[in-house]
Structure formats: structure tokens, C-alpha cells
Amino acid sequence: MAGSSPSSSPSSSSSSNSSRDSRRNNRDRDRANRNRERRDINQEDQDILDRAREQELRDRELQAQREREQQDGDRRRRGEQPQEGDAGGAGGIGVPEPPREILPRKFAVPRRRMRVVRDWMTSTLSPSEAKQLRESFLPSFSDTDFDLKCPQVDSSLARRFKDLKCPEMVKAEATEKTLKAEQYKVLDVARPLLYLKEQMAEGELQNSPMAEAVDVALRLWGHTFHGITANRRENLLKVSDPKFVSLLKEPKRFKAKQCGALFGSHFIKEMVREATNDQKLRNIGRPAGQSSSFKSRYPPTSYNPRNSASGYHRNGFNGGNRGGNFGGSNNSNGGYRNNKQKSSQRGRGNGY
């Protein structure tokens, strides 16, 4: 009996260790199950929120569409014609819809893809690589008058810029070349974005968050592209016609259909009209009697010291009295003759 007790002790300790391991494994398994259930619940909640946001966006779009249809119906009932540039008018290109509220979408980028994006941000492409990527997507447009290209300087203003031979214009032309080169690089970004937009225009992805992301990217691209166009306009106009730079801040001076030109014929006509109005205002504000014909017919009177000695000018104006002598020319001539006679008598008396 005494020899059997040591042999039973290891077996009891091993059984206790196995029971502890079993309990630990059960706890770990339960913890893992709870974490998995928690993640599933969080994912389900996130999916519910995403679907709710998508449904809210669709409801807002439908509401906005109903409002536009109601406004069009009210306009037709009143007998009004669609204005130029409206979405159903003859303008072709409708007025952009007001920006809808876009809910922020948070997302995480894995480390491996973050490194790729960082490398793209801190490196440049060779000309051959840039050309290959540029020609990967070649869109075609049903409207043959439109194409993806940088605005070109209008021929009339180009001749005007060449006639200005000054250092400021030389600097402006150098800046124009730099801005145009950067705008071409920004223009290349639109092609793949337009491809994605057309792929998502129909089907299940039409109202998906991915389609919304493409729209946001295109709008930001357009904002950057237009900003470079505005800088090019101001760079040239502030040298040639600085008084018309303020017109660049008014969007109504430009037409969307003339996006291929840097300024466009509509803006040039507006600039000429403003110049004509300024000239008319200067003519209206000119004082009466200051025209060239008046000056030639009535030359200004000259100062005569002989007349001023007696207090009179040639026209009979009395310098000593603002009222002058308005009695007629006899008094003024008589006074002049009396003074002349007195001076001659003094001369004879002195031996002259």
C-alpha cells in the first residue's frame, strides 16, 4: 500500500493539467466565438447603415426629380418657354444640377496598397509610360463639337497679344506655356474616370457607392481643370487689358458651348461692348464747350497787362469787381480812351 501512493500522484497531476488545458481551450473558444459574433453584428449594423444611406440618397434623388418635373409642368401651364441652357431647352447642355449632399464614407486602406499609392505620389512617369497610360482609354463623343482638349487662345486675342511688345507680355507668354502643359496632364485623368462612369451608368452599379465615388472624382477633376483655365485667362488679360480682369469673375460672360476657346466669342463681344460703353460715358462726362471744334472757332483770350492796369480786360470784365461793368462797350472804351489821353499828355509834358 505504501508503494502504490507514489504511482498515483503523477496520474492525478496529469489529469488536473489536462482539465486546466481543457478549460482554457473552452474559454478561448468561447472568446473567439463571442468576438466573431460581435464582428458579425457590427458588420450587419454597418450593412444596415449603408443600405439606409443608399436608400436615403435614392429618396432624395426621386424627390428632386419630382420637384423638377413639377416645375416644368407649372412652366408649361403658364405658357413659358424653357430658357436657354435649361435641362430640356434647345441649348443642348443643361445647367448643372445643384450639388447634392454627399455623406462621408470612411474606409481603410491596407498597408500593401498604401505603399503603392505612396510610390505613385512620390515618383514620376517617363514620357513613354505616360503616353501608354494616356492612350489606354480613348473616349468618343456623340456631339462632334465637343472633345477633351485644353482651351486654345482665340485668334483675335492672339494677334493682340503678339502686337504687345513689352517685357510683361513675354513673361505672360512663358507662364501661359507652363500652365497649359500642366493642364494637359490634368486632362489625362478624365479619360479613365469617364470610362468608369460609363460602365456604371446602367445596371446594378448605377446607384452604388462606387458610382458616387466616380462622380465625386470627376467633379473634383473639373474643378481643378477650370481653375487652371481661369489662371490662364487672368495671366494674359492682366497684361493686355487689365481694366477688364474683373469681367473674368462673372460666369455669365462665358458660354459652356465655347469651352474649346480660352475666352470665347461671347466674352470678347462682352468686352468690346464694355469698352464701347466706357467711351460713351467719357464723351457724356466731357464738360460743355471743350470739343475740338469749339476750341478752333473760339481761341482762349490772352492776358493783356495794358488792360489789367486799369482793372479791365479785353471783354470789359472788371478785375476789381466780380460783377464787372455790364453797361455796354461804350463805357469800357471810353475809359480806355481817357487813360490813353492822360498818358499822352503826361508824355508831352515831360518832353517826350
(request) Report whether F141 and W221 are members of the same hydrophobic cluster (ILVMFWY, side-chain heavy atoms less than 4.5 Å apart, transitive linking). (result) yes
(request) Consider only side-chain heavy atoms of I, L, V, M, F, W and Y, link residues closer than 4.5 Å, and tell whether L194 and L133 are in one cluster. (result) no
(message) With a sphere of 6.0 Å drawn around CD of Q206, does it hold more than 12 non-hydrogen atoms of other residues, nucleotides or ligands?
(response) yes
(message) Could you check whether E270 pairs with R273 (Lys NZ or Arg NE/NH1/NH2 to Asp/Glu carboxylate O, under 4.0 Å)?
(response) yes
(message) Other residues, nucleotides and ligands only: do more than 12 of their heavy atoms fall within 6.0 Å of CD on E204?
(response) no
(request) Could you walk me through whether N26 and R23 pass side-chain hydrogen bond (donor to acceptor under 3.5 Å, both in side chains), step by step? (result) CA-CA 5 Å; N26 292 333; R23 287 194 297 270; over 6 Å; no
(message) Can a donor-acceptor pair be found, under 3.5 Å and without considering hydrogens, that links the side chain of Q258 to the backbone of H266?
(response) yes
(message) To check you understand the geometry: which heavy-atom pair defines the closest contact between L187 and L148, and what is its length?
(response) CD2-O, 3.7 Å
(request) Measure the CD-CZ distance between E198 and F137 for me, rounded to the nearest 0.5 Å. (result) 13.0 Å
(message) Contact between N235 and E176 at the side-chain level, heavy atoms closer than 4.5 Å - yes or no?
(response) yes
(request) Kindly work out whether a path of hydrophobic side-chain contacts (I/L/V/M/F/W/Y, heavy atoms less than 4.5 Å apart) joins V116 to V189. (result) no
(message) Can you tell me how far apart CG (D278) and CG (N283) are? Round to the nearest 0.5 Å.
(response) 11.0 Å
(message) Restricting to non-hydrogen atoms, name the atom on L205 and the atom on A211 that form the minimum distance, rounded to 0.1 Å.
(response) O-CB, 3.2 Å
(message) More than 12 heavy atoms of other residues, nucleotides or ligands under 6.0 Å from NZ of K197: yes or no?
(response) no
(message) Run R160 and D163 through salt bridge (charged side-chain N to carboxylate O under 4.0 Å, His left out) and show every step you take.
(response) CA-CA 5 Å; R160 178 173 175 79; D163 293 339; over 6 Å; no
(request) Would you check, one step at a time, whether the test side-chain contact (heavy atoms from CB on, under 4.5 Å) holds for R29 with N25? (result) CA-CA 6 Å; R29 191 180 301 106; N25 294 332; 4.3 Å; yes
(message) Within this structure, what is the CD1-CD distance for the pair I284 and Q279, rounded to the nearest 0.5 Å?
(response) 10.5 Å
(message) Membership question, hydrophobic clusters at under 4.5 Å side-chain separation (ILVMFWY): are L248 and F225 in the same one?
(response) no
(message) Could you check whether R233 makes a cation-pi contact with F267, meaning its NZ or CZ is under 6.0 Å from the centre of the six-membered ring and within 45° of the ring axis?
(response) no
(request) Report yes if some heavy atom in the side chain of Q183 is under 4.5 Å from a heavy atom in the side chain of L179; otherwise report no. (result) no
(request) Examine V216 and Y195 and state if one hydrophobic cluster contains both, with Ile, Leu, Val, Met, Phe, Trp and Tyr joined whenever side-chain heavy atoms are less than 4.5 Å apart. (result) no
(request) Mind listing the closest non-hydrogen atom pair of D28 and R31 along with its distance? (result) OD1-NH1, 2.9 Å
(message) On a heavy-atom basis, which atom in K249 and which in P251 lie closest, and how many Å separate them?
(response) O-CD, 3.3 Å
(request) Output the distance between atom OG (S156) and atom CE (M271), rounded to the nearest 0.5 Å. (result) 7.5 Å
(message) Using the side-chain contact (heavy atoms from CB on, under 4.5 Å) definition, which of the options N231, L164, L262 pairs with L236?
(response) L262
(request) First locate atom OG1 of T229, then atom CD of E234, and finally report the distance between them rounded to the nearest 0.5 Å. (result) 13.0 Å
(request) Could you tell me whether R27 and D30 make a salt bridge, using a distance below 4.0 angstrom between a side-chain N and a carboxylate O? (result) no
(request) Inspect the contact between K185 and D188 and indicate whether a charged nitrogen and a carboxylate oxygen are less than 4.0 angstrom apart. (result) no
(request) For G264 and D154, work out which heavy atoms get closest and say how close. (result) N-OD2, 3.1 Å
(message) Looking at P151, is its backbone amide N or carbonyl O close enough to the side chain of R232 to form a donor-acceptor pair, meaning the two atoms are under 3.5 Å apart?
(response) yes
(request) Would you give the length of the straight line joining atom CZ of F263 to atom CG of L247, rounded to the nearest 0.5 angstrom? (result) 11.0 Å
(request) Taking atom CD of Q152 as the centre, report whether more than 12 heavy atoms of other residues, nucleotides or ligands fall under 6.0 Å from it. (result) yes
(request) Please confirm whether the backbone N or O of K252 pairs with a side-chain atom of K255, one donor and one acceptor, at under 3.5 Å? (result) no
(request) Identify the two heavy atoms, one from S240 and one from F161, that lie closest to each other, and give their separation to 0.1 Å. (result) OG-CE2, 3.3 Å
